[in-house]
Amino acid sequence: MKKPLVASFWLCPIFFLAAQTAPPAETTQTPAAITGKISEITLYQGTAVVSRIVEVPAGKTGSFEIVIGPLPSATDASSVHADQAKGVTVRSVACRSRPPEEAAKLQGRAGEVAAAIEALEVKSSIASNEIALRRIRQNYLKDLQGFVAPAAAQEMTHGVIQSKELEAVTQMHFREYEKASQEIMKLDLEIKADSKALELLEQEQDTLAKGPPVTYDAIVYLEKPTAGAASISLNYFVGDCGWFPVYNVKGDTAKNDVSVEFNALIHQVSGEDWKEAKLALSTASPKTSAYNPRLAPLYVDVTTGGGGAPNANADTYKAAVDQKNVAIKSQFRGRSTDEIASQNFRANDSAASVQLIELSERLSELRLMDQGGEEDLSIRYELTTPISVVSRRDAQMVPVLQHQSPADFYHVAVPILTTSVFREAELANATGRDLLGGQVNVFLDGEFKGRTEISSVARGRIFTLGFGVDGQVKARRTLIDRRDDVQGGNRQVSVSSEIIIDNFKQEAVKIRLRERMPFMEDATNLRVSVGEMSQPLSTNADYLRYEKPKGILRWDINAPPGSLDKSTSLRYTYSLEFDKSLTLRDINKEQKQRAQQEFLQEYKK
C-alpha cells in the first residue's frame, strides 16, 4: 500500500528549495535591510499570516541576496517563506535573529541601574538611622522637661526664681524638639520618594535582565536575469494576536426587519503595526495537517453474558465520543506520519466503542446519549477595504459586514414557567456569509434590550433572535379540573387547564404559546392523549416533527388588545392512562442527566 503524502498547510515549496539549493557565495558586506510594505493579513484566532510586498532593487542582475527586516519579535521563524515573485526567481529563504542594536547600550544601562539601586538603598539606610537618632534626641528633651518643671516649682516655694535661665532652657527645649520633628518629617518624605524611585529602578532592572526583544531578518537569495522592476511577497506567521465576533442586532417592528452588524474585536501585540492592509478573518486552524482520516475495519468478537447498566453505557458512549474528537483534532495538528497515523488509529478505536454501543443499546436510549455536537465551522471573512491595526494591548473593533433583512416578529409565552411574555424574531441569514457564533447586543426600536449569544449560522439558514420581555403582555395559567378514575385494570387521569393572555397594547400581537404534557419513551406503560381544545394546535412543520412527539403543545394565536373580561382565553384537556398498580413519578438521576444533555443540544441549535 502506498504511504500517503503528508503536507502541512503552512509549508511552502520555498523551504524545500532552501534545503536543496546552496546559497551564493557570501558577499563582503551584508546589504541594508529592506522593510517592504505589509499588504495582506489573514488573522486567525491566536495567530496571523502576514504578507509583505518587497520591491527588489531594479538595477541589480544576476545572483544576489536581499535582507528584509526587521520582522517582529512574535514571528515564527520557521514559517518565513517567499512567493509571488515577479521579474525574479527566488532560490532560497533563510531567517535569522537580528543582533539587538541596543545590546551594548542596554548592558551599560544595566550597570547604571544597579549602581543607582545600591546608592538608594544606602541613602535609605542612612535616613532611617538619622530618624532613629532624632527620636533619641526628642526622648532626651522630654526627660529634660521632666527635670526643669520640678526645679522651677521648688524655687517658687522658696520665693526665688531665675526667670532668664528658665526662659532660655524652655526656648531651647521647644527649638530643639521642633527642629528634630521637622528633620524627621523631611527624612520620612525622602525615604518615601526613594522607595518609589527604587521600585521603578527594580522594574527596569527586571526588564533589562530579560534582554532586548528579539527581532528577525529574512535573507532571500534571488536570481534576476535582467534589470528592471521586480518584487516578491514575504510571508510569515506571528503570534500574540487574534479576534472574536461581536454583533449588534437592531430590530424594527414598524418595518418588520432586523439589521445585523457583525464586528470583529481584534487584539494584536505582535510587535508591528498593520497599516492600510487587506485583512481577512478566519476561524480555521492555519497549521492543520493535510492528512485525511482513514477508516480501519471494525473488528468484533462474541462472548456470553449480557451488557452493563444503561447509565454505564451512556457514560462509556460519551467518553468514547470525546476521545474520538480529541484524537481527530490531535491528528490534524500532527507533524510526522507516525504521530498522525497513531492519532488516526485512536480515533478509529474510540469510534469502534461508539458503534458497539449502537449495536447493543435500545434506540430510545441512544437518542438520549450525547452525540458530541457539531464540529466547528471553518469560516473566512475578507474585509472589502484596507484597515489599520496598531500593535497594542487594547482590543480594537473592526466592522466586518452589515445586512438588513425582513423578519417575522412575534411573542413567546411559556406560562408554566413564567407569566412574562417575550419578543422574538425569525429571519434567514441572507448575508451571503456564514455567521460565527458570538456575543450579541440587542436593540429593538432604538432601545437597548440586553445581551445574548447566537450559535454559528450557515448562510441561508433560518434562525431566531430574542428581544427581551414585553411588559405590556402577560400570560397566566390556571388548573380548571382534574379527574382521576379507575376503569378495569387501568387508571385514567384527565387534566383541564386555561391560559389567560392580557394584552395591554393598542394592537393585536402574534403569540407562540407553549404548554406540555407528560412524556415517556416507553409508550406501552403510559398512554397520553390530547382532549378538547378551544383553539387548534400549530401546523408548523418543525413543531410537528420535533416538539409534538415529545409532548410539547404549541398554539399560534393572535391576541387582540384586552385584559380582565376582554382577555384572550385558551382551554385544553389531556388525559393519561396507565396500569392502576403503577404510580407516576419523576425520572431518575441518570435519565435526568441525559434529558439535560438533549435539552442543551437542542438549545444551541
Exercise. Under the salt bridge (Lys or Arg N to Asp or Glu O under 4.0 Å) criterion, do E515 and R554 qualify, and how do the steps go?
Worked result: CA-CA 6 Å; E515 279 283 298; R554 169 179 157 181; over 6 Å; no
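- Using modelled atom types, one finds no donor on one side chain facing an acceptor on the other under 3.5 Å when comparing E426 with Y410.
- Distance check, rounded to the nearest 0.5 Å: OG of S497 to CD1 of I480 gives 7.0 Å.
- With no hydrogens or angles considered, no side-chain donor-acceptor pair links S538 and N540 at under 3.5 Å.
- Every residue was checked against the side chain to side chain donor-acceptor pair (under 3.5 Å) condition with Q396, not counting sequence neighbours, and none meets it.
- Side-chain contact check for D240 and S270: no donor-acceptor pair (N or O, by modelled atom type) lies under 3.5 Å.
- In this structure, the side chains of R483 and V493 stay at 4.5 Å or more apart for every pair of heavy atoms.
- If you check the side chains of R459 and N429, you find no donor sitting under 3.5 Å from an acceptor.
- The distance between the ring centers of W555 and Y572 falls below 6.0 angstrom.
- Across all their heavy atoms, W274 and A48 have their closest contact at CH2-CB, 4.2 Å.
- Note on D470 versus K505: salt bridge recorded, some NZ/NE/NH1/NH2 to OD/OE distance being below 4.0 Å.
- N503 contributes atom CG, which lies 9.0 Å from atom CG of N558 (distance to the nearest 0.5 angstrom).
- Between Q402 and N248 there is no side-chain heavy-atom pair separated by less than 4.5 Å.
- By the neighbour-count criterion of 12 heavy atoms within 6.0 Å, atom NZ of K510 is densely surrounded, having more than that number from other residues, nucleotides or ligands.
- Contact check on D445 versus K250 returns no salt bridge, with no Lys/Arg side-chain nitrogen under 4.0 Å from an Asp/Glu carboxylate oxygen.
- A heavy-atom distance below 4.5 Å is found between the side chains of I454 and L465.
- With F443 as the partner, the ring-ring contact (aromatic ring centres under 6.0 Å, His included) test is satisfied by one option alone out of F448, Y247, F467: F448.
- In the model, S575 has no side-chain atom that pairs as donor or acceptor with a side-chain atom of Q492 under 3.5 Å.
- Partner of Y574 under the side chain to side chain contact (heavy atoms under 4.5 Å, CB included) criterion, out of S529, P518, S496: P518 alone.
- In this view, S494 satisfies the side chain to side chain donor-acceptor pair (under 3.5 Å) rule with no residue, not counting sequence neighbours.
- The pair R571-E532 does not count as a salt bridge, with every side-chain nitrogen at least 4.0 angstrom from each carboxylate oxygen.
- Each of D579, T583, D484, D485 was scored for a side chain to side chain donor-acceptor pair (under 3.5 Å) with R491, with one residue passing: D484.
- Between the side chains of S391 and D273, not a single donor N or O lies within less than 3.5 Å of an accepting N or O.
- We find that K449 and E447 are joined by a salt bridge, their nearest charged nitrogen and carboxylate oxygen being less than 4.0 Å apart.
- Classification of K278 and E382 as a salt-bridged pair fails, no side-chain N sitting under 4.0 Å from a carboxylate O.
- Here the rule is side chain to side chain donor-acceptor pair (under 3.5 Å) with N490, and of K580, E577, R527 only E577 fits it.
- Only one option out of D257, D252, T431 pairs with Q404 in a side chain to side chain donor-acceptor pair (under 3.5 Å); it is D257.
- Side-chain contact between E498 and R476: absent, with no pair of heavy atoms (C-beta onward) separated by less than 4.5 Å.
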